[in-house]
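One structure is given below, encoded as structure tokens.
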Amino acid sequence: MIYFTADTHFCHISIINLCQRPFATIEQMNEKLIENWNSRVKANDEIYILGDFLYRGSGIDANNILAKLNGRKYLIKGNHDKFIDEESFDKNHFIWIKDYHLLKWQKRKIALFHYPIFEWDGYFTNDIHLYGHVHNSNNDIEQQNRLKLLGKNAINVGVDVNNFFPISIEEIFKIVDTV
């Protein structure tokens, strides 16, 4: 199975209040995100992380968390993924690290990028764009209006809008093919 997630922000205390996450501490948030991830993603599954995996943590923190997470991991870099440049970080936790990736699945393209983009490769041929960065956007009407312009084939895979779970490729296709 293939899964997607974004904006986990492991080790980021302020994200709890900023996004109204239902956790009292960083430890509680980190543990729940790991538990939710592993309840869906199995050892041989692929999971694409669309940025902002860790915030304010170190390369060692990233290593420790990644070692607990199931799946073959791919990282699309987000604006807060500074840990990847630290000497202490083991890049072998990821199959690859990129800024952008075009995934092909069942004769459709899926453009993976941390940020929502207005037009992507395949936009005019009913292909899909998965993104993060915007979290839940609940309190920002202007941002909600901008995101509506992306259309039905652009999906936010961030944890804040997916009950703190990764989302499967089957769920993605169910969303875009029934809207």
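These numbers come from the heavy atoms of this one structure, side chains and all, not from hydrogens, waters or symmetry mates. This structure is a prediction, so every number in the text was calculated from the model and none was measured. FYI, the numbering just counts along the sequence from 1.
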- prompt: Is there a donor-acceptor contact under 3.5 Å from the side chain of Asn163 to the main chain of Phe165?
  reply: no
Can you check whether [X] reaches [Y] side chain to side chain, under 4.5 Å on heavy atoms?
X	Y	answer
Asn145	Lys148	yes
Ile76	Ile49	no
Asn136	Gln20	yes
Asp45	Tyr3	yes
Phe118	Leu149	yes
His129	Ile117	yes
Leu33	Arg21	yes
Asn153	Asp127	no

Hydrophobic cluster of Ile60, others only, ordered by chain and residue number, side-chain cut-off 4.5 Å: none
task: Start with the C-alpha distance between Trp37 and Ile47, add both sets of side-chain angles, then the distance that settles side-chain contact (heavy atoms from CB on, under 4.5 Å), and finish with yes or no.
output: CA-CA 10 Å; Trp37 179 306; Ile47 181 155; 3.6 Å; yes
What residues form a salt bridge (charged side-chain N to carboxylate O under 4.0 Å, His left out) with [X], not counting sequence neighbours?
X	answer
Arg56	none
Glu171	Arg40
Asp121	Lys109
Arg72	Glu46

statement: For Asn162, the side-chain contact (heavy atoms from CB on, under 4.5 Å) test, sequence neighbours excluded, returns Ile167
Between [X] and [Y], is there a shared hydrophobic cluster once you connect ILVMFWY residues whose side-chain heavy atoms come closer than 4.5 Å?
X	Y	result
Ile155	Trp105	yes
Leu54	Ile34	yes
Met1	Leu112	yes
Phe113	Tyr74	no
Val176	Trp120	no

query: Which class fits the ring pair Phe83 and Phe94: parallel under 30°, tilted 30 to 60°, perpendicular over 60°?
result: tilted
message: In terms of relative ring orientation, are His80 and His9 parallel, tilted or perpendicular, with 30° and 60° separating the classes?
response: perpendicular
Between [atom1] of [X] and [atom2] of [Y], what distance do you get to the nearest 0.5 Å?
X	Y	atom1	atom2	value
Ile110	Tyr48	CD1	OH	9.0 Å
Leu50	Asn156	CG	CG	9.5 Å
Phe10	Phe53	CZ	CZ	5.0 Å
Glu170	Ile172	CD	CD1	11.0 Å
Ile2	Leu103	CD1	CG	5.5 Å
Ile15	Tyr55	CD1	OH	8.5 Å

Please find the pair of heavy atoms, one from [X] and one from [Y], that lie closest to each other, and give the distance.
X	Y	answer
Gly57	Glu86	O-OE2, 4.1 Å
Pro166	Val41	CG-CG2, 4.0 Å
Leu150	Pro116	CD1-CB, 3.6 Å
Gly132	Ala6	CA-CB, 3.8 Å
Gly59	Ser88	CA-OG, 3.6 Å

Under the side chain to side chain donor-acceptor pair (under 3.5 Å) test, which residues partner [X], sequence neighbours left out?
X	value
Asn70	Asn38
Asp90	Asn92
His114	Asp52, Asn79, His133

- request: Please say whether more than 12 non-hydrogen atoms of neighbouring residues, nucleotides or ligands are located less than 6.0 Å from NZ in Lys68.
  value: no
Just distance, no hydrogens or angles: give the donor-acceptor pairs under 3.5 Å from side chains in residues 23-31, sequence neighbours left out.
| residue | atom | partner | partner atom | Å |
| --- | --- | --- | --- | --- |
| Thr25 | OG1 | Gln28 | N | 2.9 |
| Gln28 | OE1 | Ala24 | N | 2.5 |
| Asn30 | OD1 | Cys11 | N | 3.2 |

- line: So salt bridge (Lys or Arg N to Asp or Glu O under 4.0 Å) across residues 1-14, not counting sequence neighbours, yields none
query: Of Thr5, Thr8, Asn36, which is the lone residue that meets side-chain contact (heavy atoms from CB on, under 4.5 Å) with Phe164?
result: Asn36
Validation: residues 95-102 side-chain donor-acceptor distances under 3.5 Å, sequence neighbours left out:
| residue | atom | partner | partner atom | Å |
| --- | --- | --- | --- | --- |
| Lys98 | NZ | His101 | ND1 | 2.9 |
| Asp99 | OD1 | Lys77 | NZ | 3.4 |

field: Derivation and outcome, side-chain contact (heavy atoms from CB on, under 4.5 Å), residues Asp177 and Arg108
entry: CA-CA 12 Å; Asp177 290 339; Arg108 294 204 38 205; 3.0 Å; yes
